[in-house]
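Notes follow once the structure below has been shown.
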Amino acid sequence: MSVYLLDYGAGNVRSVVNAAREVGYEVRRITCAEDFELADKLIFPGVGSFGSSMKLLSDKGYFEPLKKYIESGKPYFGICIGMQALFNGSEESPGVDGLGVIDSEIKRFPTDLSLSVPHIGWNGVNVHKPSCMLQPSTQEKFYFVHSYMAPFKNSSNNNDNGSDTNGVGEWTLATTDYGVEFVSAVCKGNVFATQFHPEKSGASGLALFKRFLSIPSIIETPPFEGTIADKYTKTRLAPRVIACLDVRANDQGDLVVTKGDQYDVREKESKNVRNLGKPVELAGRYYKEGADEITFLNITSFRDSPLKDQPMLEVLRKTSEHVFVPLTVGGGIRDIVEPNGERLSALQVATEYFRSGADKVSIGSDAVAAALEYIQTGQKTNKTSIETISHVYGAQAVVISVDPKRVYVSDPNDTKHHTIQTAMKGPNGEEFCWYQCTVKGGREAKDIGAYELVRACEALGAGEILLNCMDKDGTNNGYDHELISDIVSAVSIPVIASSGAGKVEHFSACLRASAPSALLAAGIFHRREIPISAVKQHLNDEGFDPRE
């Protein structure tokens, strides 16, 4: 049996290859149009914008061979863009044709429902019909990351003429709720596709890969036994618990995970770099313990190393072999000049990280520079790292890492920056403050507030905010609810709360007070002070429905 992967040059396909290998199968990559005829099974994963993806398929000469393959009756497994491509088109890219297999359109999530978009995280599915791919009563959560979706329509209201031969209702296998009910899996004939990413959905996703790869045919394999529900309970997006690994070289040149105390990573007495473990080993441990995502922040500059020799690339490659949850990498995502004088764009740098196993890139100092320029001119250049990466890979692939610190003022009129009234008064009794952004690991302050920064970055195309807090870093006395609430209200994209967690109650308190989409912690996990499982159990006890 020849299993082929449609790798058209966008996104992290390494994880799909690794997922197939994890369940005992090797896949080959489509390298030319003729390969479609050799495939007994085809997997089409994808991320990024609908228009860019369709253009890449056409430019490589894959568009018509892909349609012909689907018409052949051989098994097809589409993931994310691999599902959306089956539709006629998408609001994301007006005028760009999809494959037209499903007679319906992809729409953007409504903007009037107070939702953070993209829809990022672990959500459930409701199965609508028998199939050999999803069990009828599954309670599992899968990982989603998308801004556009297929609205669910049942067979009676799918289109104006009442016919539903190829409409979305006829195709719908499962739906998910996020403000609206949307199609999260389709299945008809030889075609199975999911909006979620099974390669990033842990054991549940791996089981789905094994099912597809082990059965001879989607059409001929009997469906799972079980009763399809008459009524469905709405699915809930789980709050994510993210393990963060600050990675740098120690004084001996070894790559280690460290943790700062208000950004100082050296022990107070010995002055050695604090060593809390090896990055690949710790990431594997956190995956097994139930982390919903893993973030690597490279806090060492390797300016003398060519991009292809960057240590973090190997960390990603090794980690993605056995870790099947989303991986984010930050540090050095910017335009660079190689030691040989060759110039590489931030997009080229990000592409190398994606091809090595990253799902998202985190941009810090470069985002501050881009935001300052945008605020000053009011114009997009289409050249910043945020714009170029999000255009190709989608907004969901771009995370903005913000490192702010409090600056107290007696009166909001004392500063041009956005201020809040604070319950934590300043050293001279000040009742107002603003959050000043820093770069270079907190060593250099910039004349821009966190509020203004995140709004500018969202406008430039960012899809998520990683919100740190210098004042809270290493304190273990809880998250800065005032800062987080202010930033959550400033943007419509998801916000990850970071800095200050010291006990399980801090996680639930932050969710209640500030409603971030995710909670990140580092030191308490590295030092085994609190296991991830304890955080999940506490959140479950408090009614937040985390992923188990």
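If you're wondering where the values come from, they're calculated on a predicted model, not measured in any experiment.
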Which is it for N476 and H506 under the side-chain hydrogen bond (donor to acceptor under 3.5 Å, both in side chains) test, yes or no, and what are the steps along the way? CA-CA 9 Å; N476 288 2; H506 289 154; over 6 Å; no
Can you find a pair of side-chain heavy atoms, one from [X] and one from [Y], that are under 4.5 Å apart?
X    : Y    : value
N468 : S401 : yes
Y408 : N428 : no
V361 : F354 : yes
D414 : F432 : no
V117 : T111 : no
L467 : V454 : no
Q348 : L307 : no
L297 : S362 : yes

Is there a donor-acceptor contact under 3.5 Å from the side chain of [X] to the main chain of [Y]?
X    : Y    : result
H526 : C244 : yes
E199 : A19  : no
S517 : P494 : no
S489 : D486 : yes
R14  : R355 : yes
S201 : Y143 : yes

Show the numbers, then the answer: is there a side-chain contact (heavy atoms from CB on, under 4.5 Å) between E314 and L255? CA-CA 11 Å; E314 186 64 15; L255 211 60; over 6 Å; no
Can you tell me how far [atom2] of [Y] sits from [atom1] of [X], rounded to the nearest 0.5 angstrom?
X    : Y    : atom1 : atom2 : result
K405 : Q436 : NZ    : CD    : 5.5 Å
T295 : D246 : OG1   : CG    : 10.0 Å
I400 : I496 : CD1   : CD1   : 11.0 Å
F507 : E542 : CZ    : CD    : 13.5 Å
T384 : D335 : OG1   : CG    : 9.5 Å
L237 : T176 : CG    : OG1   : 10.0 Å

Residue from T388, T351, D359 passing side chain to side chain donor-acceptor pair (under 3.5 Å) with Y393: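 Of T388, T351, D359, side chain to side chain donor-acceptor pair (under 3.5 Å) with Y393 is met by T351 alone.
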Give me the atom names and distance for the closest heavy-atom approach of [X] to [Y].
X    : Y    : value
L327 : G357 : CD1-O, 3.7 Å
T475 : N477 : OG1-OD1, 2.7 Å
C510 : I484 : SG-CD1, 3.6 Å
P239 : F544 : CD-O, 3.2 Å
G331 : Y353 : O-OH, 4.3 Å
F50  : S90  : CG-CB, 3.6 Å

With respect to D292, which candidate in K141, R240, R547 satisfies the salt bridge (charged side-chain N to carboxylate O under 4.0 Å, His left out) definition?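 Between D292 and the candidates, salt bridge (charged side-chain N to carboxylate O under 4.0 Å, His left out) is satisfied uniquely by R547.
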What do you reckon, is NE2 of H391 surrounded by more than 12 foreign heavy atoms closer than 6.0 Å?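 Open.
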Indicate yes or no: does [X] engage [Y] in a salt bridge with an N to O separation below 4.0 Å.
X    : Y    : result
K380 : E387 : no
E482 : R406 : yes
E458 : R455 : no
E444 : K446 : yes

Please determine whether side-chain contact (heavy atoms from CB on, under 4.5 Å) holds for the pair H481 and M424, giving the CA-CA distance in whole Å, both sets of side-chain angles, and the decisive distance to 0.1 Å. CA-CA 11 Å; H481 298 165; M424 296 179 283; over 6 Å; no
Going by distance alone, is a donor N or O of one side chain under 3.5 Å from an acceptor N or O of the other, for [X] and [Y]?
X    : Y    : answer
D366 : S385 : yes
E92  : S49  : no
Q195 : Q84  : yes
T235 : N126 : no
D403 : T438 : no
E140 : S204 : yes

Consider ring-ring contact (aromatic ring centres under 6.0 Å, His included). Of F152, F196, F109, Y148, which one does F182 pass it with?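 Exactly one option meets the ring-ring contact (aromatic ring centres under 6.0 Å, His included) with F182, and it is F109.
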Residue from P118, C457, S116, S147 passing side chain to side chain contact (heavy atoms under 4.5 Å, CB included) with I493: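 Among the candidates, only P118 passes.
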Verify side-chain contact (heavy atoms from CB on, under 4.5 Å) between E548 and K536, making sure each step is shown before the conclusion. CA-CA 7 Å; E548 295 181 359; K536 293 286 191 78; over 6 Å; no
Evaluate the side-chain hydrogen bond (donor to acceptor under 3.5 Å, both in side chains) criterion for residues D177 and Y232: first the C-alpha distance (whole Å), next the side-chain angles of each, then the deciding distance (0.1 Å), finally the verdict. CA-CA 10 Å; D177 296 281; Y232 301 102; over 6 Å; no
Between I363 and I389, does the side-chain contact (heavy atoms from CB on, under 4.5 Å) criterion hold? Intermediate values first, please. CA-CA 11 Å; I363 304 174; I389 297 169; 4.2 Å; yes
